[in-house]
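Input: a single structure, listed below in structure tokens.
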Amino acid sequence: MDPQVLAQSVTLDGLPDDLAEALIKVARMRPIKAGAAVFEAGDPADGFYALIEGSLRVILRGEEGEQVLALLSPGAIFGEMALFDGEPRSASIVATKASRLAFFDKHAVYRFADENPAVYRHMLCIVGRRLRASNASLAARSLLPLTGRVAQTILHLSDLFGKTVGEDRILVHHKISQADLAAMVGAARENVSRVLNDWKREGYITRISGYYCIEDAAALRALASL
Ligand code: CMP
């Protein structure tokens, strides 16, 4: 793809436009099929990525299944942690549907970032944001009942994929299975399903064409507050 067109179509997670435009020139485009892994936890790092089109899951696999740490939407940057701390990949990244990635080779990134230190500041922001989200979900796990944890997860997804469709009404424009939701919450699918059904009855959420729609964000915020 023409780098100029690409630079206009991708936000690179809020990186200032001039830097995004310059950086995207060293990117290599990479398609990825639904269900395929971009890389696995423990792999050595050869660069970082931006999601141009599609959607990805950040997961950790264990003997008992997998934990979904996050879902990534277009514009997200990932794979920066191992690049900067020199450790292996901290999680696996799997395509939820057919996706398109921009890959940034580590040597080109180091060179570019040394010439443009604002890139380091930006990467620190991304890592800081993730740490805050992880802290919030860690605290929720020990301090909130299941309803609060599900509310916190749905609100987090609405920050990532939400479209405001009315006062206090947010459509979460991303197909999320109950299994993924349960893996993010860290609870059994049946229990998460029970909470969602209760909320549908109480009018807190609805389903519109397979998407969750938050009908009463204030009620969910109240449940999610520590
Ligand atoms: P890296 O460790 O290189 O490879 C896995 C990537 O997943 C990591 O960089 C981050 O970009 C991303 N990642 C790891 N943990 C989280 C998290 N809790 N939330 C969102 N993204 C994450």
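Order of appearance sets the numbers: ligands from 1, and atoms from 1 within every ligand.
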Quiz item: Which heavy atom of the protein is the closest neighbour of atom 10 (C) of ligand 1, given with residue, atom name and distance?
Solution: R130 NH1, 3.4 Å

Quiz item: Around atom CZ of R141, are there more than 12 heavy atoms of other residues, nucleotides or ligands at under 6.0 Å?
Solution: yes

Quiz item: So does R130 pair up with E80, basic N to acidic O under 4.0 Å?
Solution: yes

Practice problem: Could you tell me which atoms of ligand 1, counted from 1 in the order shown, lie closer than 4.0 angstrom to a heavy atom of A91? | Solution: 5 (C)

Quiz item: Applying a strict 4.0 Å limit to heavy atoms, is F39 in contact with ligand 1?
Solution: yes

Practice problem: Could you tell me the residue and atom name of the protein heavy atom closest to atom 18 (N) of ligand 1, and the distance to it rounded to 0.1 Å? | Solution: S134 OG, 3.6 Å

Practice problem: Show which atoms of ligand 1 fall inside a sub-4.0 Å distance from at least one heavy-atom site of F78. | Solution: 11 (O)

Practice problem: Have a look at ligand 1 and work out which part of S90, if any, has a heavy atom under 4.0 Å from it: side chain, backbone, both or neither. | Solution: both

Quiz item: Quick one: nearest non-hydrogen protein atom to atom 15 (N) of ligand 1, plus distance?
Solution: L69 CD1, 3.9 Å

Exercise. Report yes or no: do I176 and Y204 belong to one cluster of Ile/Leu/Val/Met/Phe/Trp/Tyr joined by side chain heavy-atom distances under 4.5 Å?
Key: yes

Quiz prompt | Closest protein heavy atom to atom 3 (O) of ligand 1, given as residue, atom name and distance to 0.1 Å | solution = R89 NH1, 2.8 Å

Exercise. Name the closest protein heavy atom to atom 13 (N) of ligand 1, giving the residue it belongs to and the distance to 0.1 Å.
Key: V58 CG1, 3.7 Å

Quiz item: Can we say D180 and R189 salt-bridge, meaning some charged N sits less than 4.0 Å from an Asp/Glu carboxylate O?
Solution: no

Quiz item: Using heavy atoms and a threshold below 4.0 Å, how should the contact between A70 and ligand 1 be classified: side chain, backbone, both, or neither?
Solution: side chain

Practice problem: On the 0 to 90° scale, with breaks at 30° and 60°, tag the F39-F78 ring pair as parallel, tilted or perpendicular. | Solution: tilted

Quiz prompt | Contact check, A45 vs ligand 1, heavy-atom distance below 4.0 Å | solution = no

Quiz item: So, for Y120 and F84, is the gap between ring centers shorter than 6.0 Å?
Solution: yes

Exercise. Could you pull out the closest heavy-atom pair between E215 and T206, with the gap in Å?
Key: OE2-OG1, 2.5 Å

Quiz item: Taking the six-membered ring for Trp, is the centroid-to-centroid distance between H173 and Y211 below 6.0 Å?
Solution: yes

Quiz prompt | Mode of I93 contact toward ligand 1 - side chain, backbone, both, neither (heavy atoms, under 4.0 Å) | solution = side chain

